[in-house]
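Written below as structure tokens is the structure these notes are about.
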There are 2 protein chains.
Amino acid sequence: MHILERIPQESARDFAFRVLKENIVSLELKPGTLISENEMAMELGVSRTPVREAIIDLSKVSIIETVPQRGSFVAYIDPKMVEESRFLRKVLDKAVIEVACDIASKEYIDALEENVHLQEFYLEKSDTEKIFTLDNLFHELIYSAAQKDIIYDMRSTMMLHFDRVRTLSVEAVKDLKIVNDHRSMLEAIKSHDKEAAVALVEKHLNRYSFDEDRIREEFPEYFK
Amino acid sequence: MHILERIPQESARDFAFRVLKENIVSLELKPGTLISENEMAMELGVSRTPVREAIIDLSKVSIIETVPQRGSFVAYIDPKMVEESRFLRKVLDKAVIEVACDIASKEYIDALEENVHLQEFYLEKSDTEKIFTLDNLFHELIYSAAQKDIIYDMRSTMMLHFDRVRTLSVEAVKDLKIVNDHRSMLEAIKSHDKEAAVALVEKHLNRYSFDEDRIREEFPEYFK
DNA sequence: TCTAGTCTACTTGTATACTAGTGTATCTAT
DNA sequence: ATAGATACACTAGTATACAAGTAGACTAGA
């Protein structure tokens, strides 16, 4: 497992949660791996309690499976769960951007404006890493603008299923297209054009295809 | 706090979670109340650990607010959160019933059929309690039929915000209408009529109105 | 009367100890 | 050699102990 740096003042629980999440999505922790609370506590330099609490959180969305008295395992890739997370994202993103079109305040519009501007800036420099971070922030901002913050949290945790298969997809989505999508979405929000916004989200999400058959063939050991 | 009976083989954590949930929704635990992990552990006859884990869960959706080194408090009714939960339900219920129209298996159709039949049975007997339980099960069955079980869990926890103001609403929704709605939804699912199903959900949810001003006037101490 | 300080009684966060169950490897008996 | 019993090493669930911080009551002094 790849141990991240602990952020100052970060609680042990949040730390453990963050490390677990990263390692699962990046497939550093392979599906089927046993996560020992004890071992992980040692590695992180914290006690079992916060590690355990983080594991419980992730069990909630079935990305970790806990069998009493046996262990906690990284869940195998389950197409049903991938579909469930993709479904959740599509449904929520569309509904939320509509609300954002209605009620986004100038404050958030400005934040989105800056965000997209930076995306375009780093697109110029081909800094995919930065764009990835800004991408996530962009969507979070929309949820905030629509005052749907708790829902965003749920979406994030659930998206782990999808993020993890995205790690396996060779076919990288072109940054150019993504950034363009975001620019268009922002313009739609600014002009309160709900219909356009929803259509853009639909198109945006369709860029992330999930070729289950290919991935299953290439990484059969990751599937149940 | 009203202590429920512990179900055999129920884990201490699930038990604590269930008791907390019930007491918060029923307003037995009033908004603003301090929930002491220690005290609750004593009352339930378990240790702090499972109680704490239950509290963490509920903090996730902001129905409990935990301030480090100060305490965990039952959150005041926050119209923003009520709206967020109502929004989540509306968006998900509509999207999920569409899926159910597409893929509900005979097994689930049968289960729904039995469920609605029982609702009609208890409607005859005016057993509101039973209908309430069957009502919840009905919606859970639809989510299961659409293979969206994790999403249903999220919805449930988030709905606590809404369920709690529903407790305060005097205007009881008529059982007759509810049961009729359910019957119609089932028929829509059986005939794969997505449009009708979505329209029914919309109508169904509109029955649950939330007169914030009135409730706020009547119970000002429950609001922040 | 007011203010500064201190003490107490609480809280959560974290660490550790104990319990009970599971799977495996090993040993024993046939 | 094989089947069954058994010991062991691990697990998660729960209980308890300790650390660190907060709020409020109380006291002493001006």
Side-chain angles (χ1 to χ4, degrees), chain A residues 1 3-20 23-24 29-76 224, chain B residues 1 3-20 23-24 29-76 224:
Chain A
M1 186 159 54
I3 310 297
L4 304 175
E5 196 77 20
R6 181 162 176 183
I7 298 170
Q9 290 175 328
E10 182 180 40
S11 73
R13 176 172 14 131
D14 290 345
F15 177 45
F17 185 82
R18 197 163 53 84
V19 172
L20 264 177
N23 280 278
I24 290 174
L29 281 174
K30 305 207 182 313
T33 307
L34 171 70
I35 303 168
S36 164
E37 292 178 2
N38 265 316
E39 192 185 334
M40 178 158 178
M42 298 258 288
E43 287 183 317
L44 296 190
V46 301
S47 77
R48 254 188 77 205
T49 305
V51 171
R52 176 180 165 72
E53 289 170 352
I55 288 177
I56 290 174
D57 280 352
L58 291 165
S59 300
K60 282 260 153 51
V61 293
S62 298
I63 193 82
I64 288 180
E65 257 183 283
T66 297
V67 185
Q69 271 65 49
R70 275 216 37 204
S72 295
F73 303 87
V74 179
Y76 287 99
K224 193 164 20 185
Chain B
M1 186 158 55
I3 310 296
L4 304 175
E5 196 76 19
R6 181 161 176 187
I7 299 171
Q9 291 175 325
E10 183 180 38
S11 73
R13 172 167 23 125
D14 290 345
F15 178 45
F17 185 82
R18 197 163 54 85
V19 172
L20 265 176
N23 280 278
I24 290 174
L29 281 174
K30 305 207 183 312
T33 306
L34 170 71
I35 303 168
S36 164
E37 293 179 1
N38 264 316
E39 192 186 334
M40 180 157 177
M42 299 256 288
E43 287 184 315
L44 296 191
V46 301
S47 78
R48 255 188 76 206
T49 305
V51 171
R52 175 180 167 71
E53 290 170 351
I55 289 177
I56 290 173
D57 279 352
L58 292 166
S59 300
K60 282 257 152 54
V61 292
S62 297
I63 194 83
I64 288 180
E65 258 183 281
T66 297
V67 185
Q69 272 65 49
R70 276 215 39 204
S72 295
F73 304 88
V74 179
Y76 286 99
K224 195 165 20 187

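Numbers restart at 1 for each chain; the letters A, B, ... are given by sequence-line order, proteins then strands. Values reported hereafter were calculated over all heavy atoms of this structure, with side chains retained and with hydrogens, waters and symmetry mates removed.
When each of Glu39(B) and Glu10(A) is assigned the nucleotide of DNA chain C with its nearest heavy atom, Glu39(B) is the one assigned upstream, toward the 5' end.
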Response to the item:
Expected string for nucleotides 15-23 of chain C under the B/S/- scheme (protein heavy atoms, under 4.0 Å, primed atoms plus P, OP1, OP2 as sugar-phosphate) is BBB--BBSS
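In this structure a side-chain-to-backbone donor-acceptor pair under 3.5 Å is missing from Arg48(B) to Arg52(B).
Here Lys60(B) pairs with Asp57(A) in a salt bridge; the nearest charged N to carboxylate O distance falls below 4.0 Å.
Distances shown here put every side-chain N or O of Ser36(B) at or beyond 4.0 Å from the OP1 or OP2 atom of dC10(C).
Rounded to the nearest 0.5 angstrom, Arg13(B) CZ and Ile56(B) CD1 are separated by 10.0 Å. A distance of 7.5 Å separates CG in Leu44(B) from CG in Leu20(B), rounded to the nearest 0.5 Å. Distance CD1/Ile35(A) to CD1/Ile24(A): 5.0 Å, rounded to 0.5 Å.
At whole-Å resolution of the value, CD in Glu53(B) and C1' in dT12(C) are 14 Å apart. Arg52(B) has its CZ atom 18 Å from the P atom of dC18(D), to the nearest Å. Put simply, CG on Asp14(A) is 17 Å from P on dT12(C), counting in whole angstrom units. Rounded to an integer number of Å, the gap from Phe15(A) CZ to dG13(C) C1' is 16 Å. Taking atom CZ of residue Phe73(B) and atom P of nucleotide dT22(D), one finds them 13 Å apart after rounding to whole Å. Between Glu37(A) atom CD and dT14(C) atom P there is a gap of 15 Å when expressed in whole angstrom units. Distance CE (Met42(B)) to P (dA15(D)): 13 Å, rounded to an integer number of Å. When the P atom of dT14(C) is taken as reference, atom CD1 of Ile56(A) falls 14 Å away, rounded to whole Å.
Nearest heavy atom pair, residue Ser47(B) against residue Val51(B), reads O-CG2, 3.6 Å. Between Val46(B) and Ala12(B), the shortest heavy-atom distance links the atoms CG1-CB, 3.9 Å.
At a threshold of 4.0 angstrom between heavy atoms, the contacts of Ile35(B) are confined to the sugar-phosphate backbone, with no base atom among them.
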